[in-house]
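Data first, discussion second: the structure below is written as structure tokens.
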Amino acid sequence: MDEKRDVPQGTLALMVLRTLDVLGPLHGFGIGRRIEDISGNRITLNYGTLYPVLRRLELEGAIRGDWRMSENNQRARFYRLTAAGRRELERETRDWHRAADLVAAFLTLRVQKT
């Protein structure tokens, strides 16, 4: 079995935005669990890293948080994607596809025989 890894640097905000885009409003712990689930539990999410990312995305206007009661009757902050967050998700998705294409070009590079 593969060992769990930390979230690759620079990907957590994209994962949060995409999770909220697909699954709708979630509280912070729920976002973290969904990210781990979606990864097939190949990554370990540090919640001490998640909450500052949620706060930064909220300050930037990409997400909005509202206090409500969770499924286990506890007060929790539920986050949802805003219109600005959808635009940010589109931009970040394009950037990651470009970066992946660039890396793929090098990974498929073959030695030419002379």
Side-chain angles (χ1 to χ4, degrees):
M1 178 178 237
D2 292 335
E3 67 180 62
K4 286 188 176 187
R5 299 183 179 260
D6 291 335
V7 176
Q9 185 174 353
T11 62
L12 186 54
L14 174 64
M15 291 176 184
V16 167
L17 294 173
R18 182 66 178 150
T19 300
L20 292 175
D21 185 45
V22 173
L23 299 177
L26 292 166
H27 51 73
F29 184 76
I31 293 168
R33 288 298 307 139
R34 296 300 98 51
I35 288 172
E36 289 174 339
D37 291 346
I38 292 165
S39 79
N41 289 311
R42 289 175 289 190
I43 60 172
T44 301
L45 188 62
N46 178 341
Y47 287 85
T49 304
L50 174 62
Y51 287 101
V53 168
L54 290 171
R55 183 69 182 136
R56 179 180 56 81
L57 289 170
E58 189 172 23
L59 289 171
E60 292 171 354
I63 62 175
R64 180 181 175 129
D66 299 303
W67 289 101
R68 347 184 220 180
M69 297 305 276
S70 69
E71 57 280 353
N72 60 357
N73 208 27
Q74 301 229 357
R75 193 166 173 251
R77 193 154 179 86
F78 280 74
Y79 298 93
R80 64 179 170 79
L81 199 59
T82 64
R86 281 189 182 77
R87 289 189 299 274
E88 177 66 15
L89 175 58
E90 289 172 7
R91 186 190 65 73
E92 285 198 35
T93 300
R94 275 192 314 275
D95 290 350
W96 274 103
H97 281 293
R98 283 187 199 123
D101 289 346
L102 175 64
V103 170
F106 283 90
L107 292 176
T108 58
L109 187 64
R110 301 281 182 236
V111 175
Q112 294 185 4
K113 294 180 181 179
T114 55

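- Note that CZ of R91 is 4.0 Å distant from CD of E88, once rounded to the nearest 0.5 Å.
- Contact of the I31 side chain with the R34 side chain is not registered, since no non-hydrogen atoms from C-beta on lie closer than 4.5 Å.
- Across every non-hydrogen atom of A13 and R56, the tightest pair is CB-NH2, 3.5 Å.
- Hydrophobic cluster membership is shared by L50 and V22, with clusters built from Ile, Leu, Val, Met, Phe, Trp and Tyr side chains linked at under 4.5 angstrom.
- The CG atom of L81 lies 10.0 Å from the CZ atom of R87; values are rounded to the nearest 0.5 Å.
- Salt-bridge check for D66 with R64: passed, with a basic side-chain N closer than 4.0 Å to an acidic carboxylate O.
- Between M15 and I43, some side-chain heavy-atom pair lies under the 4.5 Å cut-off.
- In terms of hydrophobic clustering, with Ile, Leu, Val, Met, Phe, Trp and Tyr side chains grouped at heavy-atom distances under 4.5 Å, F78 and L23 are assigned to different clusters.
- Heavy-atom contacts from other residues, nucleotides or ligands closer than 6.0 Å to OH of Y47 number more than 12.
- Looking at every heavy atom in both residues, P52 comes nearest to T49 through CD-O, 3.3 Å.
- Remark: L57 CG to T82 OG1 distance equals 9.0 Å, nearest 0.5 Å.
- Checked for salt-bridge contact, D101 and R98 miss the test: no charged N lies under 4.0 Å from a carboxylate O.
- Counting only distance, with no hydrogens or angles, the side chain of T19 and the backbone of I35 share no donor-acceptor pair below 3.5 Å.
- Between L20 and Y79, the shortest heavy-atom distance links the atoms CD2-O, 3.4 Å.
- The shortest distance between side-chain heavy atoms of T93 and L17 does not fall below 4.5 Å.
- Closest approach of R77 and G65 over heavy atoms only: NH2-O, 3.1 Å.
- Taken to the nearest 0.5 Å, the NE2 atom of H27 stands 12.0 Å off from the CG atom of L54.
- Panel note: side chain S70, backbone R75; no donor-acceptor pair is recorded below 3.5 Å.
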After noting the C-alpha distance and the side-chain angles of R55 and E58, does the key distance pass the salt bridge (charged side-chain N to carboxylate O under 4.0 Å, His left out) rule? CA-CA 5 Å; R55 183 69 182 136; E58 189 172 23; 3.5 Å; yes

